[in-house]
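Written out below as structure tokens is the structure these notes cover.
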Amino acid sequence: MEAPQKNLYITTAIPYVNGTPHIGNAIDYLLADIWARYQKQQGHEVRFQVGTDEHGNKIAAKAAELGIDPQTYTNQQYVNFESLINKVGASATDFIRTTDPHHLAAVQYIWQKLAPYIYKGSYEGWYCVGHEAFFTDKEVQELGGICPDHQKPFEQLEEANYYLKTSSFTDQIRRAIETGEMQIVPEFRKKEFLELIKDGLQDVSISRPLKNLSWGVPVPGDPDQVMYVWLDALANYITVLGYPDKEGWQTYWPADVQVIGKDILRFHAGIWPAMLLGLGLQLPKQLLVHGHVIVGGAKMSKTVGNVVDPIEIVDTYGVDGFRYYFSRHIPTLDDGDFTWEKFENAFNGELGNDLGNLIQRVASMITRYQAGVIGDSEQAEHDMTLYHDAMTNLEFNRAIDEVWSMVRSLNQYIDNVKPWEVAKGLGKDPEAEPHLAEILAHCSGALLQIGDLLVPFMPTTATAIHDIFESGVVKMPEGVLFPKKYIHTPDPHAPKA
RNA sequence: CGCGGGGUGGAGCAGCCCGGUCAGCUCGUGUGGCUCAUAACCACAAGGUCGCAGGUUCAAAUCCUGCCCCCGCAACCA
């Protein structure tokens with residue numbers, strides 16, 4: 001009856017290694033991890049890619065500033081992302097750095113293979129000599145035509161660039177999106193993108209003159225040109241699997257899900273498919289486009305100073321506290337709001353009171369009334385169609401909602417059957433003992449099922465539940481699960497001032 | 001007329017595609033119950049012109065038209 005075991009592949013966007021890891025990266029890792037753990041639980045083999053984008057001028061500049069070479073600099077930097085990945089408990093299998101030798105070689109191979117779709121053109125725009133960089137019309141307009149850093153006017157400059165003919169793939173890509181061959185989730189993002197390309201895709205510039213971009217992959221056959229970000233960075237999704245020369249990449253490509261933020265949809269739904277089509281490869285099956293985390297209704301921004309650090313959340317509330325809030329209260333496919341107060345309310349109320357306390361009361365009754373012996377607990381089998389449908393539709397927040405409705409039901413059940421009343425009959429009423437045993441066995445069975453359903457979301461908690469109830473004898477945990485924290489919300493039990 | 005999303009009891013949301021069985025859920029508030037439990041849990045109650053104005057229909061939060069307001073994006077910062 002079991003579905004056949006499959007080899008699945010999920011990817012995350014590779015952040016620019018220059019920055020510090022932020023909440024958006026954490027969301028990427030978390031969503032991909034939830035999916036990966038769910039699929040593994042279903043018996044599938046999953047490869048889960050993460051990585052860092054390590055080329056470009058900003059990196060070269062920063063390295064120069066520090067007096068080290070760029071590679072040394074990125075060697076220091078990429079660990080920040082590795083550490084965030086571990087911090088949020090993401091079970092990634094492959095970490096790619098775009099400075100990996102295999103990647104460099106593979107990208108050059110890809111360039112050559114795409115040669116029929118590459119042509120040399122020129123780019124014209126506003127250039128600042130001081131920055132050695134182009135600025136957009138909008139930027140130049142906002143700055144009044146003068147570079148504030150160098151006090152010099154921007155000038156029109158033309159430079160040689162190679163272009164990828166993404167335009168010639170417009171129809172193919174549009175069709176793939178419309179038919180769902182490459183499914184964009186959620187639906188409204190698909191609409192948005194189709195609308196965006198209604199007049200066709202524009203060819204994209206994929207190289208820079210060496211003098212303007214020193215730190216990057218050399219363009220094969222043209223020593224004066226270096227690859228600009230697109231081919232280099234996007235290719236990671238296949239080079240990490242070993243494309244083109246290492247065995248096994250075919251087993252995992254096309255990707256089943258590629259997790260991206262809404263801000264980079266256009267590249268992943270436009271340039272990336274064009275590259276794949278040019279290479280004669282299949283398109284990814286699904287693009288999971290998540291939203292952004294806003295804080296108290298406002299965009300998160302460094303200048304506003306409302307940036308929330310995922311590391312701080314994990315360090316304060318634990319990895320499962322983090323995973324819980326960001327999987328349930330930040331909608332998988334839309335923007336979501338974070339405030340420390342909301343977070344703490346959810347932590348205390350939903351994890352502490354609803355789930356934590358439920359586990360505690362069941363474990364405690366079994367210990368108190370039956371010396372910890374659970375007896376024959378048949379694993380409860382609630383109908384979890386809604387949960388699985390939600391997981392399949394990549395609406396993880398809805399799936400975990402379902403788990404909480406089970407938690408609620410079990411609390412209600414306990415209040416209905418009143419095991420403590422039944423326990424009063426022990427030793428008097430011969431019916432009492434088996435009746436009580438049956439009730440408590442049901443409770444622990446239900447909790448085990450809840451534990452299973454939580455595996456993708458809160459692996460640590462799932463294991464904890466498992467450990468308490470699985471052996472047939474309750475192992476009371478040392479402490480309580482999810483003890484209350486009152487850091488950002490008032491402690492209701494504190495004496496009033 | 002650039003594109004997209006949204007306006008539902010104090011807060012946050014679901015329902016809208018496939019009109020009626022829809023006014024639902026969580027939190028908050030009030031009252032009560034219970035004592036196994038992390039002063040937790042359970043029940044009940046108060047509270048809504050479903051943005052505004054028209055229209056279609058036996059019937060509209062749900063379909064159509066117009067308007068108002070909020071948010072995001074507008075090509076290289078998840």
Side-chain angles (χ1 to χ4, degrees), chain A residues 12-16 18-19 21-31 56 58 134 136-138 186-199 201-202 204-205 228-230 233 259-267 270-271 289-294 297-302 310 328-329 331 334-337 339 341-342 345-346 348-369 397-398 401 404-405 407-408 410-423 436 439-440 443 477 479-485 491-493:
Chain A
T12 57
I14 55 172
Y16 199 50
N18 203 27
H22 54 62
I23 200 87
N25 308 129
I27 296 273
D28 259 23
Y29 301 143
L30 174 61
L31 295 181
K58 284 183 186 164
F134 283 94
T136 61
D137 288 348
K138 190 179 159 192
E187 188 76 15
F188 73 86
R189 295 285 173 213
K190 163 180 164 181
K191 254 174 75 182
E192 208 173 75
F193 185 74
L194 285 173
E195 194 60 38
L196 186 74
I197 62 166
K198 110 181 139 223
D199 299 324
L201 286 160
Q202 247 176 48
V204 58
S205 160
Y228 188 55
V229 59
W230 303 125
V259 178
I260 55 175
K262 65 178 183 182
D263 51 303
I264 54 173
L265 171 62
R266 53 185 47 167
F267 314 123
I271 302 172
V289 188
H290 67 252
H292 287 182
V293 177
I294 57 179
K299 275 208 292 184
M300 206 183 287
S301 98
K302 280 182 189 165
R328 184 166 187 213
H329 294 292
D334 212 337
D335 290 350
D337 197 44
T339 65
E341 194 186 0
K342 278 185 182 180
N345 281 333
N348 287 335
E350 295 161 21
L351 290 179
N353 294 345
D354 294 344
L355 178 62
N357 177 61
L358 173 61
I359 292 165
Q360 192 67 22
R361 67 196 298 212
V362 171
S364 157
M365 283 191 280
I366 295 172
T367 304
R368 179 190 285 228
Y369 301 140
N397 56 307
R398 293 203 180 217
D401 269 349
W404 251 257
S405 74
V407 168
R408 171 168 276 270
L410 189 54
N411 268 322
Q412 288 168 334
Y413 168 80
I414 292 172
D415 269 68
N416 278 334
V417 299
K418 300 182 175 49
W420 53 91
E421 288 291 338
V422 180
L436 186 58
I439 291 168
L440 295 176
C443 291
V480 116
L481 251 56
F482 309 112
K484 304 289 174 52
K485 291 189 189 294
D491 183 347
H493 315 308

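Every chain is numbered from 1 and lettered A, B, ... according to where its sequence line falls, protein lines coming before strand lines. Everything numeric here is computed off the predicted structure, so don't read it as measured data.
- Across G10(B) and A46(B), the matching P atoms stand 15 Å from one another, rounded to whole Å.
- Centre separation under 5.5 Å together with a plane angle under 30° holds for the ring of H292(A) and the six-membered base ring of A78(B), marking them as stacked.
- Phosphate contact (OP1/OP2 of C41(B), side-chain N/O of K418(A), threshold under 4.0 Å): absent.
- Comparing atom distances between the R266(A) side chain and each of A74(B), C36(B), A78(B) picks out A74(B) as nearest.
- A gap of 38 Å separates the P atoms of A43(B) and G5(B), to the nearest Å.
- Comparing A14(B), C36(B), A40(B) by their nearest atom to the side chain of R398(A) picks out A14(B).
- C64(B) sits 11 Å from G19(B) when the P atoms are compared, rounded to a whole Å.
- Phosphate contact (OP1/OP2 of A37(B), side-chain N/O of R368(A), threshold under 4.0 Å): present.
- When base pairs are accepted only as Watson-Crick or G-U wobble with both N-N or N-O distances under 3.5 Å, RNA chain B takes part in stems of 3 or more pairs at B:2-7 with B:68-73, B:10-13 with B:24-27, B:29-33 with B:41-45, B:51-55 with B:63-67.
- Residue R408(A) places at least one side-chain N or O under 4.0 Å from the OP1 or OP2 atom of U26(B).
- If you check residues 354-364 of chain A against RNA chain B, the residues with a heavy atom closer than 4.0 Å are D354(A), G356(A), N357(A), Q360(A), R361(A), S364(A), listed by number.
- For the C1' atoms, the distance from C71(B) to C27(B) is 24 Å, rounded to whole Å.
- When rounded to the nearest whole Å, the span between NZ of K262(A) and P of C71(B) equals 13 Å.
- Here the P atom of nucleotide A40(B) and the CD atom of E350(A) are 14 Å apart, to the nearest Å.
- Annotation: G66(B) and C3(B) have their P atoms spaced 14 Å apart (nearest Å).
- Distance from the side chain of Y228(A) is smallest to C76(B) among A78(B), C76(B), G4(B).
- Regarding H329(A), its NE2 atom lies at a distance of 12 Å from the P atom of C13(B), rounded to whole Å.
- Separating the P atom of C36(B) from that of A11(B) is a span of 39 Å, rounded to the nearest Å.
- Atom CG of D199(A) and atom P of A74(B) are 18 Å apart (whole Å).
- Distance check on atom P: U65(B) versus G4(B) gives 14 Å, rounded to whole Å.
- Across the protein-nucleic acid pair, Y413(A) atom OH and A37(B) atom C1' stand 17 Å apart, rounded to whole Å.
- One interatomic measurement links the two molecules: CG of D337(A) to C1' of C71(B), which rounds to 12 Å at whole-angstrom precision.
- For the C1' atoms, the distance from A61(B) to C13(B) is 15 Å, rounded to whole Å.
- OP1 or OP2 of C73(B) lies within a sub-4.0 Å distance of a side-chain N or O belonging to K299(A).
- Listed nucleotides: U26(B), C36(B), C42(B). Nearest to the side chain of Q412(A): C42(B).
- Shortest non-hydrogen contact noted between N25(A) and P15(A) is ND2-CB, 3.5 Å.
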